[in-house]
Q: 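If you scroll down you'll find the structure; I have some questions about it.
Chain naming here is simple, since letters A, B, ... match the order of the sequence lines and numbering starts at 1 in each. Just so it is clear, the structure is predicted and the values come from calculations on it, not from any experiment.
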There are 2 protein chains.
Amino acid sequence: MSRAVGRGAAVIEGRPLHPFDAARGLPRRPGTGAASRCQGCGARSVGLCAPLGPAALDDMAAETERVAVAPRTPLFHQGDDASHVYTLAEGAARLTRVLPDGRQAAIGFRLAGDIMGFTPATEHAFGAETLTRATICRVDRRRLDAMFRRHPVLERRFLELCAGELAATQDHVLALGRLTAQERVAHFLLSLAEAQERRGRRGPVFDLPATRTDIAELLGLTLETVSRAVSALRKRGWIKLHGLSAFEITERPSLAALAAGEGGA
Amino acid sequence: MSRAVGRGAAVIEGRPLHPFDAARGLPRRPGTGAASRCQGCGARSVGLCAPLGPAALDDMAAETERVAVAPRTPLFHQGDDASHVYTLAEGAARLTRVLPDGRQAAIGFRLAGDIMGFTPATEHAFGAETLTRATICRVDRRRLDAMFRRHPVLERRFLELCAGELAATQDHVLALGRLTAQERVAHFLLSLAEAQERRGRRGPVFDLPATRTDIAELLGLTLETVSRAVSALRKRGWIKLHGLSAFEITERPSLAALAAGEGGA
DNA sequence: CGGCACTTTGATCGTGGTCAATAAGTGTGG
DNA sequence: CCACACTTATTGACCACGATCAAAGTGCCG
């Protein structure tokens, strides 16, 4: 339907990154062993391929394209043919929907190991774009169906991931419907920190792979309100900022209580 | 964790309805043919058992308890053991979450054919309660896993339903995050009408199986705001009310435009 | 017909949105 | 390495939508 990426290939650190649609032309390197194996999912407990054995992993890798993508690059748009399913191997991305009048909302953020764009429908109900530099695994939808037949455990895994996403999205509904601006921001920071901890991040400082505008679009607020809420949390001494793209939680219990809505309305 | 139902069995039309936990003591009538078959799911395109053949349906029926439930009856609570999966065969229900301070939000409404309470986690992340009189099919989680092995198509069906719920929930996120009160109410009425049409309802009048408070808790508003929004739509001549539990859409295009957010807010 | 739950409508208040100006952080070229 | 340009964040002043508090109205049941 729409071109996912502009003309010129983005360049970072002197190495050309593949704007996503260019990957269409890449030679699919069929299973040549460990080198082609999808590290991003195979290596972790969060990923799609977590339950697969080595042989199945190689089979999977043969069906998968692995591509580096520049920050702020659309992977697919709302309304596009749902011809592929994506796994985020590294980096951060967000899923967005647009209203006819141009208002935009982010449905959720995705980190390494998360799947994106899996749907039984024929077209994507939302768009996806990277927030940071990222590595993406892409599988053709029809090849994936064939994989399901060869490795039934994979279908079970999809079901688990899908149910997990559903739970996360329901949590988001609760936050949007019932939490105040400051509570939502606390909730967001905390869940971002927890997601990074689940992925093995150590130490007190977490990545903040999003601008105030990104956060606002996720939380149903404006960028000014997000900024005010962050400032308030900082002044209370509950969080600390390190530059623009990192933060630290200094009073987790207080932040958690606020995020859970224990402030009394 | 918590008792789902109070002591006395609710009685409607002189016939005792089973408060849900009482069903635990009911004899499970194993597959005695068509009479025990789960009509609620087997008969429609929306249900869990839609893709099953007659033999598989009987097998399924043997594993399923079918129970009539009174209006406003909790089926399970947030935090309960996720020991069963439920299908709504008739009637309407809602899924709710509560915050520690007592604020309550509805995650979504469910109509005939929808599944409730399916999760890979060990406990329910939300509670479910009927809005109207309803008929529920209940399957033990472990028996369901066994069913998955006997009828792989069933797992695929669960995946589809799960993905469908995810899409609906994401839509809800968009509505909560970006639509005004009136737009949300328009969106709600329209999607309720569409859900009933998908289930075969004919004619211009739709059930409204929810009070203003129910709708408010679903849309992240107060009951007064919902009432005002409904009145406004009525005064514009876009909808009509028929008593307290039915409504009619008289200007669908206008309502749809509003619900989609084309008002340029 | 009476009682009750739900709904509607009104008046006032507060959170967060909007518009606007300043400050901090980041990247680039001299 | 510093200066400049640009992006992103912060803070302030004001306003509007929806929340809150309160009272009257309507439909539904016994």
Q: Classify the nucleic acid contact of A:Ser227 as base, sugar-phosphate or nothing, counting any heavy atom under 4.0 Å across all strands shown.
A: base

Q: Look at the rings of B:Phe109 and B:Phe188 and say which category their plane angle falls in: under 30° parallel, 30 to 60° tilted, over 60° perpendicular.
A: perpendicular

Q: Counting side-chain heavy atoms from C-beta on, which of D:dA9, D:dC28, C:dT8 comes nearest to B:Arg234?
A: C:dT8

Q: Once you apply a heavy-atom cut-off of 4.0 Å, does A:Ile215 come out as touching a base, just sugar-phosphate, or nothing?
A: nothing

Q: Rounding to a whole Å, what distance do you find between B:Gln182:CD and D:dC17:P?
A: 11 Å

Q: How close or far is atom C1' of D:dA9 from atom CZ of A:Arg212, stated in whole angstroms?
A: 6 Å

Q: Could you state the atom-to-atom distance from CZ of A:Arg178 to C1' of C:dT15 in whole Å?
A: 15 Å

Q: Could you check B:Glu183 against A:Arg103 for salt bridge (charged side-chain N to carboxylate O under 4.0 Å, His left out), going step by step and ending with a plain yes or no?
A: CA-CA 13 Å; B:Glu183 288 167 346; A:Arg103 277 177 285 181; 3.1 Å; yes

Q: On DNA chain C, check which nucleotide each of A:His242 and B:Thr213 is closest to and give me the residue with the more 5' one.
A: B:Thr213

Q: Return no unless some side-chain N or O of B:Thr211 is found under 4.0 Å from OP1 or OP2 of C:dC6.
A: no

Q: Do A:Arg228 side-chain and C:dT18 base share a donor-acceptor contact under 3.5 Å?
A: yes

Q: Would you tell me if any nitrogen or oxygen in the side chain of B:Thr225 comes within less than 4.0 Å of OP1 or OP2 on D:dA19?
A: yes

Q: Provide, to the nearest angstrom, the distance between the CG atom belonging to A:Leu208 and the C1' atom belonging to D:dA9.
A: 12 Å

Q: Kindly determine whether B:Asp207 and B:Arg199 satisfy salt bridge (charged side-chain N to carboxylate O under 4.0 Å, His left out), including the steps that lead there.
A: CA-CA 12 Å; B:Asp207 292 334; B:Arg199 285 166 178 77; over 6 Å; no

Q: Atom CG of B:Leu244 and atom C1' of C:dT8: how far apart are they, to the nearest Å?
A: 11 Å

Q: Mind calculating the distance between CG (A:Leu223) and P (C:dA24) to the nearest angstrom?
A: 18 Å

Q: Once you apply a heavy-atom cut-off of 4.0 Å, does B:Ser231 come out as touching a base, just sugar-phosphate, or nothing?
A: sugar-phosphate

Q: Are B:Gln182 and B:Arg236 linked by a side-chain donor-acceptor pair shorter than 3.5 Å?
A: yes

Q: Mind checking if A:Leu221 touches a base, just sugar-phosphate, or nothing, with heavy atoms under 4.0 Å?
A: sugar-phosphate

Q: Where do A:Leu218 and A:Gly108 come nearest, in terms of heavy atoms and distance?
A: CD1-CA, 3.5 Å

Q: Between C:dA24 atom P and A:Leu241 atom CG, what is the distance in whole Å?
A: 14 Å

Q: Can you measure A:Arg184 atom CZ to C:dG17 atom C1' for me and round it to whole angstrom units?
A: 12 Å

